[in-house]
Amino acid sequence: MTICYYKVNYFMKYNPKKIESKWQDKWASKGVFKAKNGSKKKKYYLLVEFPYPSGDGLHVGHCRSFTAFDIIARKRRMQGYNVLYPMGWDAFGLPTENYAIKKGVHPSVVTKKNTDNFRSQMQNLGLSFDWSREIDTTNPKYYKWTQWIFIQLFKNGLAYKSKISINWCPKDKIGLANEEVIDGKCERCGTKVEKREKDQWMIKITNYAERLIKDLEEVNYLEKIKTQQRDWIGQSHGALVKFFVEGVEEHLDVFTTRIDTIFSGTFLILAPGHSFIDKYKNKIENIEEVLKYKEDSKNVSDVDRTNQDKEITGVQLKGIVVRNPATNEEMPVWVADFVLEHYGTGAVFADAHDKRDFKMAKKYGIPLRTSIKPPASAEGFGEAKDDEEFVQKVKRLEECYEGEGTLYNSQQFDGLKSADARPQIISWLSTKWLAQPKVSYKLRDWVFSRQHYWGEPIPMIFCKKCGWQPVKEKDLPITLPNVKKYKPTDTGESPLSLIEKWVKTSCPECGQDAKRETDTMPNWAGSNWYYLRYLDNKNNKKLADEKLVRYWMPVDWYNGGMEHTTLHLLYSRFIFKFLWDIKAVPASVGSEPYKKRTSHGMVLGEGGIKMSKSKGNVINPDTIIKQYGADTLRIYEMFMGPFEQMIPWDTKGVVGCRRFIEKIYNLANYKVASGKPNIELKKYLHKSIRKVSEDVELLKFNTAISSMMEFVNAWQTSAEGLDKKDFADFLRILSPFAPHLAEELWTETDLKDLCCIQKWPKYDEKLIEEKNILLIVQINGKVRDKIEMKAGATQKEVEKLVLKSEKIKALIGDSEVKKIVFVPNKLINIVI
RNA sequence: GCUCCUGUGGCGGAAUUGGUAUACGCGCGUGCCUUAGAAGCACGUCCCGCAAGGGUUAGAGGUUCGAGUCCUCUCAGGAGCACCA
């Protein structure tokens, strides 16, 4: 074989600095990553959550997920797809506003600085984003459409103002949605949240609760993501039951999922904020005591109210009596703070089959009755020794049984199982108009107002005569005015309320003097629909052109953090459904924005703790790129471990990836040959092509890389060089991972065009097929020998061979062979 | 409390889905090279044993010819939900 070496800078050391910027410039100037709008190719829309451009710069965690999907994007392009892989900035947010307040700089200046930094960091990584489609949620040309969507919500009756008790963060001076309160603390700053009454814009996401659950069937999300969405929406099927109040022409509605226990209902409990209390003040004999209880419960934060160890408290509404619709018996009415205003109807009927009710009744001497007999071996006997004793204790009201069972004390329903009894009781009561089936959700309407400067102004105007009016669409966007002070006010009003000139306007309906809404929108507003704006980021007449939406949507694959799988994912699905309903999105696209959703694991600091400035363990990608190169960083981030798993950073591990890259660079110098291909190496290569092709689709980047390493190791130890054509194939599979190196070696090996626009290689099935296999010989399931033989041998052939072997013969000895298990091409197991 | 996930060398992790446990990388050891160090290269590296051999996937049991993988219990770690009627 004639060997001719392709000398790539033979005496030069691998220098990523030179190589990388050169190719980044070339890709940009040739526009190879631009998604083409009119293309006849099949489209592929890959989306990664756009980051909040913080002043700290890109996190190595960003690099990980962006690189992962960059690999998929590059692979898809090589597979012949028209790929859209865009990037933008979710730039409204408190840190920017806080920085602006502190330094007295306008937030937009800070944002510009940060996004410039982020962009250049991403470009240094060689990410193949289509930068011509960049978006920024704080750009008025963008938030014009965020405001437009709000107006559509309003016009369709899905946005309304309501005085509600909101979660108030005293540090950030901002109202928070329930979703943003974690353990009773502000999600951002960790300050204990207070309650405040405020007039807030609300969005009726609850109208979509059922569809948001049902349509999950259509999409390909990780199962745990679907579970989280379902849990958050919290659907439960039950019944709405009427309890008539004595002496009043009215009833109290109660939602229950356990109507099978209705016959044991002996009292009713209202939430402290239930409207019945105010409405029938004069009927309640001890109204002062009740109102005091109500006031007290307001001061109890949700954390304490939801604390399980807290003692149950309550006050009876003296003078009020309702009738149990099933037994027709009189029931006293109580208030207790463990009953929540916002779930169900804010009222429950109480009985001996609920631990809280049970405790409360025992404490205040309220009569109890049981009507459910626990089945034999019910879970949780309490202190009873056995089933029978437990049943008796339940009957004697010594133990509380919450589970299902067999009904007794329940008139014609005696003897029925709980599950069977429920529909029968509902239909029985419904004939008397006392009950109806009902579905209830934990999901609540979405508080959409924030009292901050750095957000989209809500495009509404209040007129004394006409009420709330939306800004005329031709007047959009309502831009943020320039102010000197961005500080939120202590009164809880938005800083915009202090700018009289801006607030004062005229009513779009009647032209009279009117006032602008001064609240701004929450963070989520801009990220609800951003995936649509990438399709048509410069359109001034529409959110996005219909043709483009039809071509590109839905997103084929969406990846983001696990922390966004409840809120952002739910909100954006909701808004997309809404846009679809009002035909802002063509019907053919369907009402789900994302076909497939995956999540990446966080990158932790060394030692497995969270990376944070205060711990001083933050890794800056720039430093790694400077020291090792972008290709090394890319390979390392993909090689460090399973993509969906949390993983600690280990700078020592980066070195190994740099060695891998240098090894390729050096081997390319002297071990690429033109001539007859080396079959052994070719086999390794094609195995690797298969492994990489398959693993990338499963996000198993770590094993994809390890298979390339195995190939390179074989290449290194082989006596012969690698055929030039095979080398080209290797560069093709390497190029999504280490695009700069692949590009450099591609050119230096006299191959034509750019490596990143080549076809993705196919592996040769026949070549991979092993002609000789290593057959495992087991005796009683233990490995005793390994025989190399040709593939495809039959059991008889193998048996003959094995039983002849001296080693095996000796091991079998005099024992009788009872059974032989044979797995073709794999193993033979002799049972003796 | 409920639901789900995870547990494999000194470390990050592989394992064709029930068929050679520890691939690949880090680290470590020995040697070569070098004035020296670094880098690089070669070999070694789960445990016990000189060896033959035996043991090992958090622990205990089970199913199976065969279990890291399936089932039951226990322990440990993580995530989500949580007076939700």
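Letters A, B, ... are given to chains in the order of the sequence lines, protein chains preceding strands, and every chain is numbered from 1. Computation of the quantities below employed the complete heavy-atom set of this structure, encompassing side-chain atoms and omitting hydrogens, waters and symmetry-equivalent molecules.
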Query raised in the report: Can you check whether Arg659(A) has a side-chain N or O nearer than 4.0 Å to OP1 or OP2 of G40(B)?
Result: yes
Report task. For C75(B) and C84(B), measure between their P atoms and round to the nearest Å. Result -> 26 Å
Requested in this report: With P as the reference atom in both, quote the distance from A60(B) to A67(B) in angstrom, rounded to an integer.
Outcome: 15 Å
Requested in this report: Looking at every strand, decide which applies to Lys818(A) at a 4.0 Å heavy-atom threshold: base, sugar-phosphate, or nothing.
Outcome: nothing
Report task. Produce a footprint string for nucleotides 11-16 of chain B: one letter per nucleotide, 5' end first; B if the base is under 4.0 Å from any protein heavy atom, S if only the sugar-phosphate is, - if neither. Result -> -BSSS-
Query raised in the report: Between Arg258(A) and Asp260(A), is there a salt bridge with N-O shorter than 4.0 Å?
Result: yes
Report task. Determine if the base of G66(B) is syn or anti; take syn to mean the glycosidic torsion is within 90° of 0. Result -> anti
Query raised in the report: Which one is paired to U35(B), where only Watson-Crick or G-U wobble pairs with both distances under 3.5 angstrom count?
Result: none
Query raised in the report: Can you check side chain to side chain contact (heavy atoms under 4.5 Å, CB included) on Phe267(A) and Leu368(A), steps first, answer last?
Result: CA-CA 8 Å; Phe267(A) 60 117; Leu368(A) 279 175; 4.2 Å; yes
Query raised in the report: In the strands shown, is U3(B) matched to any nucleotide by a Watson-Crick or G-U wobble pair with both distances under 3.5 Å, and which?
Result: A79(B)
Query - Close side-chain approach of Leu801(A) and Leu775(A), heavy atoms under 4.5 Å - result: no
Query - Chi-angle category of U17(B) [syn within 90° of 0, anti beyond] - result: syn
Query raised in the report: Expressed in whole Å, how much space separates the C1' atoms belonging to U45(B) and A23(B)?
Result: 15 Å
Query - Heavy-atom pair with the smallest gap, counting every atom of Lys363(A) and Ile312(A) - result: NZ-O, 2.7 Å
**Report entry** Proximity to RNA chain B (any heavy atom under 4.0 Å), residues of residues 707-716 of chain A only
**Finding:** Met709(A), Glu710(A), Asn713(A), Gln716(A)
Requested in this report: Under a 3.5 Å limit for both distances, which nucleotide forms a Watson-Crick or G-U wobble pair with A85(B), could you say?
Outcome: none
Report summary line: Partner of U20(B) under the Watson-Crick or G-U wobble criteria, both distances under 3.5 Å, comes out as none
Query raised in the report: Does C28(B) have a Watson-Crick or wobble partner in any strand here, with both distances under 3.5 angstrom, and which is it?
Result: G44(B)
Requested in this report: Between G19(B) and G68(B), how far apart are the P atoms? Round to whole Å, please.
Outcome: 10 Å
Requested in this report: Could you verify whether a donor N or O on one side chain and an acceptor N or O on the other, from Ser65(A) and Asn559(A), lie under 3.5 Å apart?
Outcome: no
**Report entry** Flag for His568(A)-Glu49(A): side-chain donor and acceptor within less than 3.5 Å
**Finding:** no
Report task. Identify the nucleotide, in any strand shown, that forms a Watson-Crick or G-U wobble pair with C70(B), with both distances under 3.5 Å; if there is none, say none. Result -> G62(B)
Query raised in the report: Under 30°, 30 to 60°, or over 60°: which ring-plane class applies to Phe701(A) and Phe737(A), parallel, tilted or perpendicular?
Result: perpendicular
Report task. Determine the contact category for Val831(A): base if any of its heavy atoms lies under 4.0 Å from a base atom, sugar-phosphate if only primed atoms, P, OP1 or OP2 are that close, otherwise nothing. Result -> sugar-phosphate
Query - Distance below 4.0 Å between Lys663(A) side-chain N/O and C41(B) OP1 or OP2 - result: no
Query raised in the report: Could one point to a donor on the side chain of Asp231(A) or the base of C81(B) with an acceptor on the other under 3.5 Å away?
Result: no
Report task. Verify the distance criterion only: is there a donor paired with an acceptor across the side chains of Ser440(A) and Ser236(A) at less than 3.5 Å? Result -> no
Query raised in the report: Looking only at atom P, what distance separates A36(B) and G31(B), rounded to whole Å?
Result: 14 Å
Report task. Please measure how far the C1' atom in G55(B) lies from the corresponding atom in A38(B), and state the result in whole Å. Result -> 41 Å
Report task. For U64(B) and C71(B), measure between their P atoms and round to the nearest Å. Result -> 16 Å
Query raised in the report: Using atom C1' of each nucleotide, how far apart are G59(B) and G7(B) to the nearest Å?
Result: 11 Å
Query - Phosphate OP1/OP2 of G53(B): any Arg784(A) side-chain N/O under 4.0 Å - result: no
Requested in this report: Please report the C-alpha distance between Leu569(A) and Tyr221(A) in whole Å, then the side-chain angles of each, then the deciding distance to 0.1 Å, and finally whether the side chain to side chain contact (heavy atoms under 4.5 Å, CB included) criterion is met.
Outcome: CA-CA 11 Å; Leu569(A) 204 59; Tyr221(A) 294 0; 3.9 Å; yes
Query raised in the report: For the pair made of NZ in Lys438(A) and C1' in C84(B), what is the distance, rounded to whole Å?
Result: 14 Å
Query - Residue pair Ile225(A), Met562(A): steps toward the side chain to side chain contact (heavy atoms under 4.5 Å, CB included) verdict - result: CA-CA 8 Å; Ile225(A) 296 177; Met562(A) 206 59 207; 4.1 Å; yes
Query raised in the report: Touch check for Lys224(A), heavy atoms < 4.0 angstrom, all strands: base, sugar-phosphate only, or nothing?
Result: nothing
Query raised in the report: Does the side chain of Thr565(A) come under 3.5 Å of the side chain of Gln228(A) through a donor N or O and an acceptor N or O?
Result: yes
